[in-house]
Amino acid sequence: MVDDVVERAYAAADAYAATGDFGAADLAVRLWRRVIESAGTPDADHYNELGNALLDRYEAGGAEDDLEAAVDAYGDAVRRAGRDAGYRNNLGNSLRMRYLADGDPAVLMRAIEVLEGAVRLPAADTPDRPTCLDNLGLCLTEKFARDGAREDQDRAIALHREAIATAEPGEPNLLLFFTNLGGALWNRHVQRGLPGDLDDAVAAFERALAETAAGSPERALRLANLGGVLLDRYHLRGDESELYRSVELCFEAVSASGAASIDHARQLTGLGDALLSRYEVNGAGEDLDAAVEAYREGLAVTPERAPDRAARANNFGLALLRRHESRGRMDDLDRAVATFRDAIAATVRTSPSRPLFGANLGVALVHRYAARGARADIDGAIEWLAEAVAGTPADAPALLSRTANLAAAHAERWSEYGDPADLARADALFAGTGELEKRGSAAQTGVAYERNNVAVHRTDIYHHGGSRAELDRAAAALRDLLTGLPPRAIARPRYLNNLGNVLRQRYLLTGNERDLDDSLNCHRQALDVAPPAAAERPTYLCDLASALQVRFQRDGVLADLDEAIGRWSESVDATSPYAPVWAGRLNDLGDGLRTRAQVKDSARDLSRAVRLFERAVAAARENAPDLPSYQDNLANAVADQAMRTGDVGMLDRALTWYGKAVSGAPGGTLTRSRIRGNQAAATLQRWVLGSDPADLDTAVELLTEVVAASAVGSPDRVMLLNNLAVAHAYRHQVTRAEEDLRAAESAYAESAAGLDALWSLRSARSWGSWAARRASWPEAAGAYRHAHGAMVRLFRAQYTRTDKEDWLRETKGLAVEAAHALSRAGDVFFAVTAVETGRALLLSETMEEARSDLTRLAGRHPELAERYSAARMRLRRAEEVPAGDRMSRRFFGAQPR
């Protein structure tokens with residue numbers, strides 16, 4: 001009778017092993033309990049088999065009561081059998097599983113103690129020694145995950161290898177040994193990046209999966225393991241075929257594991273990892289949502305005290321953070337921060353995973369700071385990132401990205417609060433990433449993020465006094481990142497936008513028009529591929545607007561300026577007043593309006609610009625590095641109002657703001673030089689209104705200084721030379737000094753000869769008027785020829801007839817002035833041509849179909865319109881041209897009295 005029940009119990013256990021059917025495991029438990037109840041004196045083997053059946057049912061159904069009962073059954077077996085290593089092995093393994101369920105470290109240490117005793121038994125008493133070795137290795141891996149002692153990790157791998165090497169032919173657990181070896185090697189790769197560990201892990205998992213039957217209950221776990229390790233190898237080497245195979249394997253693993261399985265949460269987490277990685281390549285929102293849901297489900301079914309819960313919370317937080325980046329949802333960002341905090345709270349301080357969780361919390365806090373501007377968030381981010389860097393081993397692959405993120409956080413805090421210590425720390429950390437990068441593969445995600453962060457920081461360094469080499473290195477790094485990047489990768493818009501910013505800054509330094517054209521293309525592409533609700537979209541709008549304004553300053557196309565103002569307005573509307581970038585976006589919009597006010601003589605635009613600049617100054621932190629630029633722009637707009645009204649008191653107010661701006665700008669920087677140039681122009685303007693000789697001398701001195709410091713070919717130099725020429729012309733009128741006359745002529749000649757049409761026009765007209773007042777007719781004629789050529793270039797650069805007519809109105813009176821000077825110089829033919837130019841240009845535009853209006857083309861196919869416009873500009877230039885900067889400059893066009 002008992003023997004019959006025993007046979008049926010073994011058959012039920014075999015059925016479960018073959019199929020993973022919960023009913024088979026349940027039947028085995030009931031039958032073994034009947035055997036024990038029926039036997040007068042149950043032997044150790046009956047209790048051991050009951051423990052096996054209970055453990056099978058726990059794996060299939062997840063009931064923790066079964067796990068507790070299995071531990072008790074194995075304990076009974078050990079007490080009855082004494083030195084039997086097999087029973088001790090089963091007890092140790094069940095204790096390890098209980099630790100995985102409740103996280104009690106005392107249970108883990110008891111498991112290790114039991115298994116250490118089993119492997120110390122004489123060989124004759126331990127036929128199950130390979131299994132004991134393997135399970136002891138698993139326990140030591142869990143101990144390493146808790147305590148971080150590398151000797152435990154290394155010994156675990158050695159024990160798994162020994163288990164495989166000493167297994168007899170036909171060992172039923174051999175595939176399990178390969179699975180566990182693969183897991184230990186994979187873990188060591190993640191923590192330490194040792195050469196060969198990742199490939200060895202893949203090989204071990206491939207072997208285990210290849211020999212696992214389709215219906216085996218072990219198949220789901222082995223599918224998930226291989227999918228996970230291939231995903232890590234994809235992140236290391238960039239082979240997309242491994243990414244897509246990983247996704248397939250993880251989907252199959254989830255399908256193969258029942259919802260009640262204790263491994264179901266692990267399979268869901270693995271699937272979330274794979275889907276999130278695929279989303280980063282293809283930008284598909286459905287992959288992102290599916291990843292968030294997989295992580296959420298996996299976390300929901302993980303017991304509160306389970307050691308894996310912290311890692312699953314971390315992954316869920318990461319998916320929420322990605323969704324915030326894609327769609328701008330603040331609830332996702334807040335939940336991500338809370339989830340990362342939960343992961344840290346569930347982790348002991350010695351855990352090697354704690355730096356990962358802390359680093360992710362730090363990054364999430366940086367994002368929230370960028371959205372809301374709370375000082376506590378950026379301070380907390382730096383604290384967590386610093387702890388993560390300090391806790392990451394020097395040979396760990398993750399040290400690179402964590403160091404770069406800490407550097408970026410210091411740079412972010414410096415940009416708002418201006419503490420030099422933050423800038424110095426950022427510089428030192430970014431410098432240190434160079435050596436770390438040499439140790440990693442170029443395909444590593446950490447290397448890509450680090451290169452992007454360094455490129456952005458190099459642009460900041462240049463802006464605040466660095467060399468062109470910083471821009472060249474930044475541009476090269478960003479181009480490398482974009483090369484081979486999938487078209488829909490979520491990092492693409494960020495890298496494109498950053499490259500656009502670098503190229504724009506380089507254009508402002510060199511005047512290389514290709515850099516500006518490429519910059520605009522990058523910004524437009526970034527907007528095209530960014531999700532409509534992406535958190536960074538307002539930044540992309542703002543940066544495109546800045547590039548459009550620079551092109552307006554180069555080409556004078558009013559449509560560019562109008563589009564820039566529209567883009568800035570969109571960016572301001574989409575930005576929280578609490579965000580650190582709020583002040584900068586108000587400033588940028590004000591700058592665009594002030595520029596349009598100058599072009600169209602719009603008092604309304606100028607008044608709006610003043611109000612925006614005042615709000616920007618008020619919103620900026622006291623020591624913010626950009627505050628001097630905001631003060632400078634406010635001073636520029638107030639000085640413009642003074643020029644319109646002749647109000648000297650208003651001009652004094654502008655000069656007060658210039659003084660504050662100069663005192664706050666670091667010496668030797670481009671920012672300080674620009675402000676001093678503007679201050680000089682306003683000082684000259686005050687001399688015009690008040691005739692104080694000291695103001696005139698001060699203006700000449702300041703302008704001479706800033707012109708000498710400006711780069712040949714830079715857009716600043718054209719404007720500064722004009723202002724210097726006007727100042728010398730005024731002083732010559734007062735002193736009749738020959739050196740002032742020659743200095744004015746020289747400065748005007750260089751400024752008017754530039755191919756930057758807008759500033760060439762203004763400077764040449766000012767020069768011609770001055771020469772005419774002195775009756776220097778050949779000089780005046782030459783100046784007006786420059787002005788005439790610039791006017792024609794500006795006219796032809798416009799997209800629409802309305803814009804063309806606006807430019808003709810801008811140059812009202814120029815034809816008469818030029819005709820008079822040309823006729824006095826003896827060039828009657830050109831004088832007549834100058835008078836008829838305006839009407840002739842409009843008539844030619846009407847008759848020439850090939851020069852048709854671009855309005856409809858721009859509306860339907862903006863990229864084609866962009867390319868057409870750029871081609872037109874290139875055809876009109878035989879050499880590189882100087883350009884303008886999005887920062888406001890003072891241009892002085894008043895004439896000597």
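- A salt bridge links R322 and E325; the closest N-O separation between the charged side-chain nitrogens and carboxylate oxygens is under 4.0 Å.
- Counting only residues at least two apart or on different chains, the salt bridge (charged side-chain N to carboxylate O under 4.0 Å, His left out) pairs with a member in residues 247-260 are R219-E252.
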For residues 200-207, please give each side-chain donor-acceptor pair under 3.5 Å, one per line with the distance, not counting sequence neighbours.
unit_1, atom_1, unit_2, atom_2, d
E206, OE1, R245, NH2, 3.3
E206, OE2, R245, NH1, 2.8
R207, NE, E211, OE2, 2.7

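- Shortest non-hydrogen contact noted between D84 and L121 is C-CD1, 4.5 Å.
- With sequence neighbours left out, the side chain to side chain donor-acceptor pair (under 3.5 Å) criterion links D199 to R233, R237.
- Residue pairs meeting the side chain to side chain donor-acceptor pair (under 3.5 Å) criterion with at least one member in residues 333-343, sequence neighbours excluded: D334-R368, D334-R372.
- Put simply, the side chain of Y295 does not reach to within 4.5 Å of the side chain of L268, judged on heavy atoms.
- The side-chain contact (heavy atoms from CB on, under 4.5 Å) test with L320 is passed by exactly one of L333, D331, D332, N315: D332.
- In this structure, R8 does not pair ionically with D3, as no charged nitrogen and carboxylate oxygen lie closer than 4.0 Å.
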Could you walk me through whether Q191 and R150 satisfy the side chain to side chain donor-acceptor pair (under 3.5 Å) test, starting with their C-alpha distance in whole Å, then the side-chain angles of each, then the deciding distance to 0.1 Å, before giving a yes or no?
CA-CA 10 Å; Q191 296 294 334; R150 287 187 170 183; over 6 Å; no
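- By the side-chain contact (heavy atoms from CB on, under 4.5 Å) test, R79 pairs with D76, sequence neighbours left out.
- R323 and D289 are joined by a salt bridge, as a carboxylate oxygen and a charged side-chain nitrogen come within less than 4.0 angstrom of each other.
- With a 6.0 Å radius and a threshold of 12 heavy atoms from other residues, nucleotides or ligands, E168 has its CD atom at or below the threshold.
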Distance-only check: which donor-acceptor pairs under 3.5 Å involve side-chain atoms of residues 97-108, not counting sequence neighbours?
unit_1, atom_1, unit_2, atom_2, d
R98, NH1, E68, OE1, 2.8
D102, OD1, D104, N, 3.0
D104, OD1, A106, N, 3.0

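- Ion pairing of E116 with R88 is absent here, as no side-chain N (NZ or NE/NH1/NH2) approaches a carboxylate O to less than 4.0 Å.
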